[in-house]
Amino acid sequence: MKPEKVDYAAWIGIDWGSEHHAVCLQAAGSSRLEACSLEQKPELLHAWFLNLVARFGRGAKIAVAIEQSKGAVINFLLGLDFVHIFRVHPLSLKNYRKALYPSGAKDDPVDAELILQFVRQHQDTIQPWVPDDVDSRLLLRLVEGRRKTVNKRVRLTNELTQLLREYFPQALDWAGELDRVMACDFLRKWPTLQKLQKSKGETVRQFYRDHGSRNGELIDQRIEKISSALPLTTDKAIVESSVLMVDTIVLQLHTVIEAIARFDQKIAMVYKRQPDADIFASFPGAGPVLEPRLLAAMGTDRNRFSCAQEVAEYSGIAPVTERSGKKEWIHRRLACCRFIKQSFHEYAGQTVTYCVWAGAYYKSKRAAGMAHHAALRALAYKWIRILYRCWKDHVAYDEQKYMQSLKRRRPAWLAFLPAGA
């Protein structure tokens with residue numbers, strides 16, 4: 001649904017910076033451009049925008065165009081009810097600048113003017129950004145934050161793995177999975193083989209029990225191996241420096257693991273409040289991690305997307321086709337929201353195991369010569385169409401109903417369904 005056209009009292013282009021923002025303003029009905037620089041201080045930003053209210057009158061709407069999808073300036077503008085935000089993709093502005101300035105010259109005040117011109121000239125196609133409700137935006141920030149924290153955990157466990165291989169490789173078997181609290185506690189208590197071997201067998205056994213390990217046979221095997229193990233190296237230069245580095249990483253890792261648990265708790269709380277939670281809980285393989293991510297990707301505004309193709313393009317799952325003369329090149333979309341793309345991609349990967357038809361579709365694409373990730377993107381493209389329809393119609397996904405629909409249409413890839421499915 002196309003939003004109602006608004007007569008803006010003024011148009012503003014902002015080329016944001018970490019400390020200063022270049023601003024270009026054009027009042028309605030005027031050809032004069034007013035340029036200034038605003039310091040990144042909340043008090044100064046508030047004062048400048050309140051002056052606009054005094055100048056154009058209470059109730060007047062101001063259009064602000066900015067080359068930013070999130071950040072300090074967007075966060076500030078969200079608190080101003082008289083401002084409509086137009087978000088310009090950096091690639092769009094880059095191409096527009098290149099068309100006007102082929103030399104590649106770039107200047108912040110000029111960019112502020114270009115952003116203003118670009119949005120004014122294309123205001124029929126570039127719509128103002130309508131932010132979702134508070135809970136939906138909170139959920140999106142939480143799931144993004146959780147993913148970044150998980151990435152930190154992966155980085156730290158990789159560093160720790162490499163370090164242990166260089167001086168205490170046995171710990172990789174005895175400490176358990178390195179991204180767990182037990183491994184952190186193990187390495188803080190016994191950072192070297194020598195220290196571990198000085199501990200009594202009962203002390204080691206109690207440690208495993210305290211951390212939830214109930215497999216007595218496995219514990220006995222570990223204790224036996226510990227007593228007969230030989231160190232990889234006894235070089236003090238290597239061992240002592242490695243112990244310090246391990247302790248540094250373990251402290252960080254322990255904090256990150258606890259942070260992820262807190263994220264999970266908060267996400268579950270906010271997700272439970274979402275009116276569409278039951279819809280996304282109906283999708284196979286989503287689980288407590290991907291359900292909130294899929295819901296956050298779609299949001300609650302049903303007018304946000306007019307069709308499933310818009311979701312596929314926004315997420316970057318839909319491929320890009322380039323044609324020139326007799327040549328045609330199809331490739332993955334690079335200009336997109338990477339986190340949203342990752343969410344749909346990872347969900348498609350989960351459904352290969354949890355959904356019969358999804359597994360068959362993936363196998364058909366692999367059999368046709370597609371690489372693993374390309375096949376998952378193709379599957380994600382199908383899931384987006386299903387997700388969109390369920391989301392748009394406020395209905396839960398029904399596996400049986402969809403399977404009946406597939407059997408009526410009989411696509412060629414159904415041949416990859418397991419017998420009896």
Side-chain angles (χ1 to χ4, degrees), residues 1-5 69 84-89 91-92 119 122-133 136-137 139-140 143 274-284 286 290-323 328 330-348 351 355 357-358 361 365 374-399 401-406 408-409 411 413:
M1 187 186 293
K2 204 170 182 178
E4 235 178 273
K5 192 167 182 181
S69 59
H84 287 187
I85 305 168
F86 289 78
R87 301 188 298 180
V88 179
H89 195 283
L91 190 59
S92 300
V119 172
H122 299 89
Q123 58 184 291
D124 291 333
T125 53
I126 302 176
Q127 300 300 336
W129 175 51
V130 180
D132 225 323
D133 61 78
S136 296
R137 287 186 285 116
L139 184 63
L140 179 58
V143 293
Q274 294 292 317
D276 293 333
D278 289 343
I279 295 174
F280 291 89
S282 68
F283 288 98
L290 284 167
E291 282 175 32
R293 286 175 63 176
L294 294 174
L295 190 152
M298 299 301 293
T300 55
D301 181 8
R302 265 30 181 219
N303 296 320
R304 184 184 180 196
F305 302 110
S306 61
C307 61
Q309 184 63 25
E310 286 186 7
V311 182
E313 290 173 357
Y314 164 71
S315 66
I317 292 297
V320 175
T321 302
E322 293 188 28
R323 294 187 182 92
E328 182 176 291
I330 300 174
H331 60 88
R332 63 191 178 94
R333 192 176 295 262
L334 299 176
C336 62
C337 179
R338 292 188 181 182
F339 175 72
I340 303 299
K341 180 179 182 179
Q342 186 185 54
S343 297
F344 285 122
H345 190 100
E346 289 180 2
Y347 174 63
T351 61
C355 178
W357 72 260
Y361 184 82
K365 292 299 178 184
L376 286 184
R377 283 194 296 273
L379 177 57
Y381 189 83
K382 284 190 73 66
W383 272 115
I384 284 173
R385 294 165 67 90
I386 299 167
L387 280 158
Y388 174 80
R389 184 44 52 200
C390 292
W391 173 75
K392 195 78 171 176
D393 295 345
H394 298 266
V395 296
Y397 172 72
D398 188 330
E399 178 84 0
K401 187 176 178 182
Y402 188 70
M403 284 296 293
Q404 288 171 355
S405 170
L406 284 175
R408 281 196 303 271
R409 291 184 282 116
W413 58 265

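Remark: Glu399 engages Tyr397 in a side-chain hydrogen bond (donor to acceptor under 3.5 Å, both in side chains) (not counting sequence neighbours). Taking the side chain to side chain contact (heavy atoms under 4.5 Å, CB included) definition, one finds that Pro131 meets it with Leu78, Trp129, Arg137, sequence neighbours left out. With sequence neighbours left out, His394 forms a ring pair (Phe, Tyr, Trp, His ring centres under 6.0 Å) with no residue at all.
Looking at Lys365, its side chain never comes within 3.5 Å of a backbone N or O of Arg377 through a donor-acceptor pair. Checking side-chain atoms of Asp132 against main-chain N and O of Thr300 turns up a donor-acceptor pair under 3.5 Å. Between the side chain of Tyr388 and the main chain of Ser306, a donor-acceptor pair closer than 3.5 Å is present. Remark: side-chain polar atoms of Asp133 are paired, donor with acceptor, to backbone N or O of Ser136 under 3.5 angstrom.
Put simply, CZ on Phe280 and CG on Leu294 are 6.5 Å apart, with the number rounded to the nearest 0.5 Å. Distance CZ/Arg385 to CD1/Ile317: 14.0 Å, rounded to 0.5 Å. Within the model, atoms CD of Gln123 and CZ of Phe86 stand 7.0 Å from one another, a figure rounded to the nearest 0.5 Å. Summarising the geometry, atom OG belonging to Ser405 is positioned 11.0 Å from atom CG belonging to Asp398; distances are rounded to the nearest 0.5 Å. For the atom pair SG (Cys307) and CZ (Arg389), the distance works out to 10.0 Å, reported to the nearest 0.5 Å. Atoms SG and OH, on Cys355 and Tyr402 in that order, are 8.5 Å from each other to the nearest 0.5 Å.
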- [ ] Check the pair Phe283, Thr351 against side chain to side chain contact (heavy atoms under 4.5 Å, CB included), reporting the backbone distance first and the verdict last.
- [x] CA-CA 9 Å; Phe283 288 98; Thr351 61; over 6 Å; no

- [ ] Dump the intermediate steps for side chain to side chain contact (heavy atoms under 4.5 Å, CB included) on Phe344 and Leu387, then the final yes or no.
- [x] CA-CA 10 Å; Phe344 285 122; Leu387 280 158; 3.6 Å; yes

TODO: Step by step, work out the side chain to side chain contact (heavy atoms under 4.5 Å, CB included) result for Tyr381 and Gln309.
DONE: CA-CA 9 Å; Tyr381 189 83; Gln309 184 63 25; 2.4 Å; yes

- [ ] Determine, step by step, whether Trp357 and Leu379 satisfy the side chain to side chain contact (heavy atoms under 4.5 Å, CB included) criterion, reporting the C-alpha distance in whole Å, the side-chain angles of both residues, the deciding distance to 0.1 Å, and the verdict.
- [x] CA-CA 10 Å; Trp357 72 260; Leu379 177 57; 3.9 Å; yes

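Pairing each heavy atom of His84 with each of Pro128, the nearest pair is CB-CB, 4.2 Å. Considering all non-hydrogen atoms of both residues, Ile384 and Ala308 come closest at CG2-O, 3.7 Å. Residue Trp391 comes nearest to Gly299 through the heavy atom pair NE1-O, 3.0 Å, listed as atom of the first residue, atom of the second, then distance. The two residues Asp278 and Ala396 come nearest to each other via the heavy atoms O-CB, 4.5 Å. Here the shortest heavy-atom pairing between His345 and Leu376 reads NE2-CD1, 3.7 Å. Minimum interatomic distance between Ile279 and Val395 (heavy atoms only, all atoms of both residues): CG2-O, 3.5 Å.
Using cut-offs of 30° and 60° on the angle between ring planes, the pair Tyr347 and Trp383 is perpendicular.
Atom CZ of Arg304 is surrounded by more than 12 heavy atoms from other residues, nucleotides or ligands within 6.0 Å.
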